[in-house]
Amino acid sequence: MVNYWIVGALAIASVCWAEIIRDFYHVVSHYWAPLQKLHTWHHRVFRPNLTAVSETIYKQAHWRHDVPEGAAMMVLGLLLWVVAYFGLPEYHWGAAAGCIYTLGFLLSAIARACGIKGADELTDITHQPGDFLTPPGKWLVNKPYHWRHHFDNQNAYYCGTFTLIDKLMGTALSLKGKTVAVTGASGTLGRSLLKHLHKAGAKVIALTSGNEEITLDVDGENLPVKTVTWQAGQEADLALLLEKIDILVINHGINVQGERTGEAIANSYEINTFSAWRLMELFFLTVRTNENIACKEVWINTSEAEVIPAVSPLYELSKRALGDLVTLRRLDAPCIVRKLILGPFKSNLNPIGILSPDWVAQQVVKQAKADARNIIVTINPLTFIVFPVKEFFVSLYFQLFSRKAISEIKAAAVSEKSSVESKIN
């Protein structure tokens with residue numbers, strides 16, 4: 001009796017195999033000269049608005065890259081089918097799914113190469129011109145995700161349909177050349193984040209409430225960093241700067257330890273919650289163009305205190321409030337929003353912290369490059385279980401009982417653009 005579960009599993013595996021071949025073919029095309037010469041045509045085709053430079057180049061690009069890529073997928077898909085035929089003779093026909101799946105890619109590539117009318121609109125979805133309606137996809141490649149491969153960094157964002165290979169390779173986010181601003185930059189973690197972002201190729205800016213210029217110790221050399229002084233409550237003063245920022249890391253905070261006075265409550269919520277929220281909202285207003293949607297991001301340090309006790313009630317309460325606000329607002333966010341869920345690292349705010357801030361910062365950058373939207377760095381295994389469950393149900397609750405606000409964000413962004421332009425002029 002045929003076990004259809006095995007057939008189904010083999011079919012899924014064969015489709016995944018086809019996608020793995022496709023992605024690795026793309027990677028090799030950037031590094032192996034014979035394929036690189038062919039693949040270069042693919043990068044000659046499009047303008048930043050995704051219109052084709054010429055119909056001739058568009059056709060040639062498909063003959064030189066997409067068709068050979070589809071052929072490679074088919075050959076190796078047939079190889080998998082042969083292995084299944086001898087290894088699992090009763091179920092081998094499940095492996096045919098990958099070949100059928102690949103045949104669709106191959107035939108559509110030939111159709112585009114031949115210039116068949118409408119083939120590009122039906123089958124070349126990630127290269128269609130028009131407004132980006134959502135930020136880059138997390139698990140599936142969409143237009144903003146693939147746009148970055150052409151116009152952000154050609155040595156990243158390789159995946160064609162699923163983003164898994166990019167995540168595993170650390171090429172799902174390129175920091176090279178990005179302008180990244182970090183608040184709380186004079187703190188222990190702030191300096192470490194600046195250092196590892198710099199080492200990843202980013203142009204870093206330190207945002208601090210102190211008056212000293214921030215310098216970094218990078219491989220034994222002192223590197224001065226552009227330093228901007230600001231204070232909580234004066235977020236609007238950063239509006240012009242945020243226009244030039246690709247990634248904003250909101251990392252500042254206060255820990256009043258065991259205090260519970262009215263002043264301690266006010267300070268905790270003002271700095272940990274509302275200052276961070278105002279900065280996030282200001283940054284959203286700078287996201288207006290397709291390039292902004294594809295490349296701009298905000299990372300927010302809500303900390304492990306969002307779900308795990310921190311032996312500091314007001315720190316926990318204010319961070320949980322911030323965490324819930326971020327969960328609510330990123331349902332409609334015009335760009336990628338990442339949460340940093342960090343365990344107890346040693347700092348001025350937490351002198352008894354266990355983790356090395358340098359190691360924490362290194363892990364944050366590593367996970368960001370793998371496109372983790374919730375970056376968890378801790379030694380507490382419960383956090384890896386509790387936080388995703390909490391985030392899922394809180395997000396679901398907000399989706400069910402609140403209305404979409406994306407049109408409000410876009411309208412405010414247009415208004416802010418006029419305001420900023422008037423200030424510049």
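The figures here come from the full heavy-atom set of this structure, side chains too, leaving out hydrogens, waters and symmetry mates.
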Go through the steps for L173 and L175 under the test side-chain contact (heavy atoms from CB on, under 4.5 Å), then give the verdict. CA-CA 6 Å; L173 170 66; L175 293 169; 4.0 Å; yes

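Under the ring-ring contact (aromatic ring centres under 6.0 Å, His included) criterion, the residue pairs touching residues 155-174 are H26-Y158, H30-Y158, Y145-Y157, H149-Y158, with sequence neighbours excluded. Listed by first and then second residue, the ring-ring contact (aromatic ring centres under 6.0 Å, His included) pairs that reach into residues 369-398 are Y397-F401, sequence neighbours excluded.
For K59 and W41, the positive end is not near the middle of the six-membered ring at less than 6.0 Å and at most 45° from its axis.
With a 4.5 Å cut-off on side-chain heavy atoms, V67 and L106 count as touching. At least one side-chain heavy atom of L78 sits less than 4.5 Å from a side-chain heavy atom of C99. Between F105 and M73 the shortest side-chain heavy-atom distance falls below 4.5 Å. A 4.5 Å side-chain heavy-atom check between N272 and I254 finds at least one atom pair inside the cut-off. Under the 4.5 Å side-chain criterion, counting only non-hydrogen atoms from C-beta, L50 is in contact with F132. Annotation: side chain of E297 is not in contact with side chain of D246 (no heavy-atom distance under 4.5 Å). Using a 4.5 Å heavy-atom threshold, the side chains of F283 and C335 count as touching. Using a 4.5 Å heavy-atom cutoff, the side chains of D152 and K178 are in contact.
Electrostatic pairing of R191 and D358 does not count as a salt bridge here, judged by no charged N lying under 4.0 Å from a carboxylate O. The pair K390-D324 counts as a salt bridge, with a side-chain nitrogen and a carboxylate oxygen less than 4.0 angstrom apart. R329 has a carboxylate O that lies under 4.0 Å from a charged side-chain N of E281, or vice versa, which qualifies the two as a salt bridge. A salt bridge is absent between K195 and E221; no separation between the charged side-chain nitrogens and carboxylate oxygens falls under 4.0 Å. Salt bridge annotation for E306-K339: present, with a cationic side-chain nitrogen under 4.0 angstrom from a carboxylate oxygen. Between E243 and R288 a salt bridge is recorded (basic side-chain N to carboxylate O distance below 4.0 Å).
Using cut-offs of 30° and 60° for the angle between ring planes, the F274 and W277 rings count as perpendicular. Under the 30°/60° scheme for interplanar angles, the aromatic rings of H65 and Y25 are found to be tilted.
Under 3.5 Å, the side chains of S174 and R148 contain no donor-acceptor pair of N or O atoms. Under the 3.5 Å distance criterion, with hydrogens and angles disregarded, a donor-acceptor pair is assigned to the side chains of T183 and H252. Residues S303 and N301 bring no donor and acceptor atom of their side chains to less than 3.5 Å of each other. Residues T171 and D166 have side chains that bring a donor and an acceptor to within less than 3.5 angstrom of each other. Using modelled atom types and a 3.5 Å distance limit, the side chains of T383 and E304 yield a donor-acceptor pair. With no hydrogens or angles considered, a side-chain donor-acceptor pair links K296 and T286 at under 3.5 Å. A side-chain N or O of T208 and one of S186 form a donor-acceptor pair less than 3.5 Å apart. Under the 3.5 Å distance criterion, with hydrogens and angles disregarded, no donor-acceptor pair is assigned to the side chains of E213 and T227.
Rounding to the nearest 0.5 Å gives a distance of 4.5 Å between OG1 of T126 and NE2 of H146. Rounding to the nearest 0.5 Å gives a distance of 13.0 Å between CD1 of I271 and CG of L322. Summarising the geometry, atom CG belonging to D131 is positioned 7.5 Å from atom CD1 belonging to I293; distances are rounded to the nearest 0.5 Å. Atom OG of residue S29 and atom CD of residue Q36 lie 8.5 Å apart, to the nearest 0.5 angstrom.
If you run side chain to side chain contact (heavy atoms under 4.5 Å, CB included) between W299 and each of L248, V364, I250, only V364 comes through. The salt bridge (charged side-chain N to carboxylate O under 4.0 Å, His left out) test with D371 is passed by exactly one of K366, K138, R338: R338.
The neighbour count for E291 CD, taken as heavy atoms of other residues, nucleotides or ligands under 6.0 Å away, does not exceed 12. For W359, the CH2 atom is densely surrounded, since the number of other residues' heavy atoms within 6.0 Å is greater than 12.
For E235, the side chain to side chain contact (heavy atoms under 4.5 Å, CB included) partners are W230, A232, S275, R278, L279, L282, not counting sequence neighbours.
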